[in-house]
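Every chain is numbered from 1 and lettered A, B, ... according to where its sequence line falls, protein lines coming before strand lines.
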There are 2 protein chains.
Amino acid sequence: MRVLLVGAGGVGTAITRIAARRPFFEAMVVADYDRGRAESAVAALGDDRRFVAERVDAGDEAAVAALLARHRCDMLLNATDPRFVMPLFRAARAAGTGYLDMAMSLSRPHPEQPYEECGVKLGDEQFALAEEWEKAGALALVGMGVEPGLSDVFARYAADELFDEIEEIGVRDGADLTVEGHDFAPSFSIWTTIEECLNPPVVYEAGRGWFTTEPFSEPEVFDFPEGIGEIECVNVEHEEVLLVPRWIDARRVTFKYGLGREFIDTLKTLHRLGLDRTAPVTVPGPDGPVAVSPRDVVAACLPDPATLGERMHGKTCAGTWVRGTRGGAPREVYLYHVVDNQWSMAEYGCQAVVWQTAVNPVVALELVAAGVWTGAGVLGPEAFPARPFLDLLTEYGSPWGMREQ
Amino acid sequence: MRVLLVGAGGVGTAITRIAARRPFFEAMVVADYDRGRAESAVAALGDDRRFVAERVDAGDEAAVAALLARHRCDMLLNATDPRFVMPLFRAARAAGTGYLDMAMSLSRPHPEQPYEECGVKLGDEQFALAEEWEKAGALALVGMGVEPGLSDVFARYAADELFDEIEEIGVRDGADLTVEGHDFAPSFSIWTTIEECLNPPVVYEAGRGWFTTEPFSEPEVFDFPEGIGEIECVNVEHEEVLLVPRWIDARRVTFKYGLGREFIDTLKTLHRLGLDRTAPVTVPGPDGPVAVSPRDVVAACLPDPATLGERMHGKTCAGTWVRGTRGGAPREVYLYHVVDNQWSMAEYGCQAVVWQTAVNPVVALELVAAGVWTGAGVLGPEAFPARPFLDLLTEYGSPWGMREQ
C-alpha cells in the first residue's frame, strides 16, 4: 500500500509515529500546506525509505490528484480539518485511489426549524456520491478516527456478538484531563468545540428517523471507567448518529459529550454574550477601529492545545454504551478505550486525545492493506467486521475494555 | 452659583434635566470632548439663559481651569469617567473653585499581596491634597453620586439619629432590571463593571483598618425592598468603604453589589478565559493580524447600555444596611432609595440607574448654594448633616425609605 497523508498537524504527526512502527505499507507521503510541518514530521521518524514530505493545498483538488498520481498512491488519508473533506474526497475519486477520513462533510442547520429538523446532515455530501464509488469498485472509508471510528466499530461488535436486539446505542465521551498552570485550557481547539457544541445536536429514532434538538439537550451523568468517574454529558452533533443506523438495527442512536458542568456553562456564557460569533465586530485599535471575529479572540486568549501535552495529566475515554436484550434478558454494556496522557507522551510524544484519534485510522489501513477489510462505496466503520479491528488495536499496545452494567 | 459640568454622557445629560427644574443656580456650562453631545443636552432643555454648551478635553487641566475662569464658575461638577478625576480635581484647585464628583481617584492593587493588603486606595490621591483645599478654604465634595453619595448620607443619618453604637455599615445595591429582546444586557458599562468587580474588594474593620479580599468574597443573599426581592450580593471595591470610616464610628464597613449568581458566573468565566484583559492579543483580520483588547471585544458584542432605557423594565435600589444598638437594644435597619425605570423614563427620559446617579449631586449642589452644606477641604458626603439632604431629595419627587429588620 502507498498512502498519501494530507495534514501534518497534531493528528497527522501522531499518525506518522504510529505507522512508522508497522510494516504493512510501502510508502507514506506526508503533505501539508506548510511544507516545514511535513518535513519536521518526517525528519523525526528516521525512515527516509518509506516516508517523504510534500507541500500541497488540501483545497486544490487537481493538485492533490496529481500528487496521488505522481507518488502512485492507492490510498488518501485525510488528517485535515473538516472544511477540506469534500475537495480531498473528490480528488481521491478523480485519481482512482481509496480514501479514508476521521470526520465527515459538514452539516448546515435547517433554515426554519434548526432545533427540530435536520438540514444538510454530516456526511450527506459524501453519501450523495456513493454510487460513483460503488461503480468504480473503490473504497471510501469515512469517519474512521476514534469518534467517529472506534465508537462505530464498538457498535458493530455489540450487534454481532453481544445482543439479539438493541434498544439504544449511545456514544459517550469523557476525560479527566487537566493542564498544569491553567485554570481553563481545553485539550482541543476551542473554535471547533464551539462549532460542534452549538450546532443543533442530531438524534436517531427508528420510525422517526433523524431529528435535531436544542444544544446541550438531555443532560445525563455518565460514570466513565478507569478512575475518570462521573461527568455530565449532553447531546452533541456527531457522525456516529448518522453512520450507525445505516448498518445496525437500533431503536435509538445518540452521541453525548462529557463536557462537564463547568465547560457547558462556559460555552453557554460565550453564546449569551455573542462571543461565539464568527461575524466580525468593530473595536478600537491602536491605529483606529479594526474588525475582528469574536470567536477568534476567544481562541487567541487561550493556550494552543497542541502545546499542552507536556503539562497535561489524566486520561481520555471514548466508548459506546449499548442497551438491549440477549437470550431474552436485558443487557447493558459500555465498550471503551482509555488513553492515559502520561503513557502516550512517554511512548509517542503525543497528547492523549490526539494519539487516540490517530491510532484508529492506522489500524484500519492495516486491515485494508491485508485484505481483511474490503468493500466498495462510501462505507462507515460499522460496515466491516469488528473483531479483527479490536484485536489489532490490542496488538498496537492499546487494549479496549468492556463493562457490563 | 455658576457651575461647570464636565461630561455630557448619560449621567451628565440627566443632571442638566434635573437641574433645569431648580432655580438655585445662575448658570450651568455643559462641556464635553464631543461638542455635539454638549449641544444636544443643552438644546433639549429650552433654557438658553442659564445653560450653555462648550467643548473641553477633561484631561487638559489648563483648558479646564481657563474655562472655569472664562465663565466665572464657582463649582466644577465632574460627570466624566474616573480616569479624569485627577486632572479635573487639580483644575478646580488651580482655578480656585469648588469641586464635586461621583467617583474618586483610582486604586492600584498591592504589588505583592493584592488580595490581602491595600495598595493605592480609591481617593488616596485626592486626600493627599486635602491640606491645600483646607488652607484655601475651598470645598472638594467627593463621592457625591448615589453610591458613593446617597449611601454615605444614609450612613451619617443612621449615626446621628438611629443608633448609639454601630457594629456594621454595609452598602447593598440591587436591581431587577431586564431588557426586552436581550438575554444579557448590563444596564451599565461592562468595561467598568469588569474593572470594579475584578479589582480586589476593600473592607474596613476597626483596629485592623482597610484590607482587601479575593473578588466576589463573602457572598450573601440580601432581600431588596419594593418587590425587587432576594439577590446574591458580593464584596466589591467601592468608595463608601474608604469614606465612611473617616467620619463615622463603625466596627466594620463593607460594600456588596447585588450582581446575582448569573452575572457573577459570567464575570468569573470572562476572567477564567482571559477575556477581561485590557492588554491586546493578536488575531487574524481581513488584511492580516490585528491587535485588540479582549475586554473591548466583550463590550463591542453587547448592546450599548445608554440606548436601552426604552426597552428596560424594573427598579434599581441603592441603600445602606446598618446594624448596632439603640438604647441598649439591638437594632438593624436598611435605608434605601428605589427608582422605577418606567417613572424615570416618563418623567425625565432617563434610564433609572443613570437618573439615580444624577439626582444626588444636584441635591448636594443646591445645599451648597443655599449655605446649608459648608466646609473646606476634601470631604465626603458623610461630613455634612444628613437630614437636609434627605428632605430635599424627597422634595425632588424621589423619596427614600427605611425598613427596620
Between Leu273(B), Leu275(B), Leu302(B), Val281(B), the one whose heavy-atom pairs under 4.5 Å with chain A are most numerous: Leu273(B)
Side chain / backbone / both / neither for Ile190(B) at chain A, heavy atoms under 4.5 Å: neither
Mind listing the donor-acceptor pairs under 3.5 Å that bridge chain A and chain B?
from, atom 1, to, atom 2, distance (Å)
Glu262(A), OE2, Arg272(B), NH1, 3.2
Thr266(A), OG1, Arg272(B), NH2, 2.9
Arg272(A), NH1, Glu262(B), OE2, 3.2
Arg272(A), NH2, Thr266(B), OG1, 3.0
Arg277(A), NH2, Cys301(B), O, 3.3
Cys301(A), O, Arg277(B), NH2, 3.2

Which residues share a ring-ring contact (aromatic ring centres under 6.0 Å, His included) with Phe84(B), sequence neighbours left out: none
For Gly274(B) against Cys301(A), the heavy-atom pair lying closest together: O-SG, 3.8 Å
Contact check, side chains of Val298(A) and Val297(B), non-hydrogen atoms, under 4.5 Å: no
